[in-house]
Amino acid sequence: PSENGSGGGGERSASLAGPPVLENSVQKIDVNPPKGTRDFPPEEMRLRSWLFHNFREVSRLFGFEEVDYPVLESEALFIRKAGEEIRDQLYCFEDRGNRRVALRPELTPSLARLVIQKGKSLSLPLKWFAIGQCWRYERMTRGRRREHYQWNMDIIGVPEVTAEAELISSIVTFFKQIGISASDVGFKVNSRKVLQEILRSYSLSENLFAKVCVIIDKIEKIPIDEIKKELNSVGLPQEGVNKLLEVLSIKSLSELEEILGGAGEAIADLKQLFSLAEKFGYSEWIQFDASVVRGLAYYTGIVFEGFDRAGKLRAICGGGRYDRLLSTFGGDDLPACGFGFGDAVIIELLKEKGILPELIPQVENIVCALDHDLQGAAATVATMLREKGQSVDLVLESKPLKWVFKRAARINAQRLILVGNTEYIKGMVSVKILSSGEQSEIKIDELE
Ligand SMILES: CC(=O)Nc1cnc2ccccc2c1
């Protein structure tokens, strides 16, 4: 079959024949979307648009530029050998050109690909944001969703932790903007350089680092014995395993400094981050937590995750520094950090807090011809209002007034404009303000 997916010659392949016709009735197709995916009918779409509007508003406040990439990428972009869950659940397949492709499970590798593609033509630092649908293929045994939308913000070309501090500030701004406070959520902050410094002291090679982080990230999801077994299996000696687990339970930066010594970068980065948090004014939002490593292989430094203080929900968002990602794709070494913020947990949180916004459909005018031969006149009135920037729901067929009032109420029209003969020949229409019931006749060219 040809590249564009159309059928072959005369014969029509089953997929193009449509649902089977049984005698004089067509078998009903499955009207639900594919497993793990969602439709967005108007009510759900209003909530999604509200969420994305807030993502965009914060991105604007922080001077970030919007970008996007194809939802379909080469599978190679996501093939990492660190044992990540995101790899096991890759929504991948071979296309009709025999290419291995995948629906993107995250946005960061696409960002890295585009930055390398653009190369020297980009002036650093880059501050890019995207809101994109991401996919995973999970056995439906877990009944979890196979797609979600993620807001990503990334800063490329800034080695200092001022970049991470800025990113956390943007998420704090977002939370405050939608009514979430520091008593509702917080950020656990850590640095993977802690693990790196420990593994170095056991002279463990760098590529084990990513695997160890991915294993440690599962510490609250699988039994500790399993964690120890997996750490042993990647070659970490028992003494190193114990040292790691000891470090993960450290509760404060000063305690960490005692264990690691004050010389390492981990301590310096974390101290600088907490001091910057003070200056940004979000100190009460963040806390050091040595057990947070996040589950993505490519993080190399500061990592953070937003959590609900009631402890009922999964992580709300997460991110960190990934200074090596671009070089693993053959690009120049460029410092980078960013975060992902999914569209699911945040809505659960707003529901928990009882602060979901009430979003109603809104239209300024509903325009209706009082009889059929005034349909054209109604269209003229609607167009004139639209040219003035007014929204109009134009009644497109002859309907009884009772129907029109019912529809006006359902779509929350602010005013009803009736185009009737007696008024129209005077160049006027009858206008009814639906909230007050006030009715008046207005010259058409004086409508606004
Ligand atoms: C709570 C939720 O929907 N999580 C979710 C849903 N779909 C995904 C798809 C790809 C990667 C991560 C995903 C995560």
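Numbering of ligands and ligand atoms starts at 1, following listing order.
- With ligand atoms numbered from 1 in the order given, ligand 1 contributes 3 (O), 6 (C), 7 (N) to contacts under 4.0 Å with heavy atoms of R145.
- Checked for salt-bridge contact, E352 and K312 meet the test: a charged N lies under 4.0 Å from a carboxylate O.
- Cation-pi geometry between R146 and Y137 is met: under 6.0 angstrom from the ring centre, within 45 degrees of the axis.
- A centroid separation of 6.0 Å or more is found between the aromatic rings of F187 and Y282.
- Ranked by closest heavy atom to atom 9 (C) of ligand 1, the top entry among C134, P105, A315 is C134.
- A donor-acceptor contact closer than 3.5 angstrom is absent between the side chains of N242 and E246.
- Proximity of A344 to ligand 1, defined as any heavy-atom pair under 4.0 Å, is confined to the side chain (atoms from C-beta onward).
- The side chain to side chain contact (heavy atoms under 4.5 Å, CB included) with I156 is formed by just one residue from the set L325, L126, L122; it is L126.
- Only the side chain of R314 comes within 4.0 Å of ligand 1, judged by heavy-atom distances.
- For the residue pair R48 and Y149, a side-chain donor N or O sits within less than 3.5 Å of a side-chain acceptor on the partner.
- Atom 14 (C) of ligand 1 has R136 NH1, 3.3 Å as its closest protein atom, hydrogens excluded (heavy atom only).
- Ligand 1 has no atom lying under 4.0 Å from any heavy atom of G342.
- Counting protein heavy atoms only, atom 12 (C) of ligand 1 is closest to H148 NE2, 3.5 Å.
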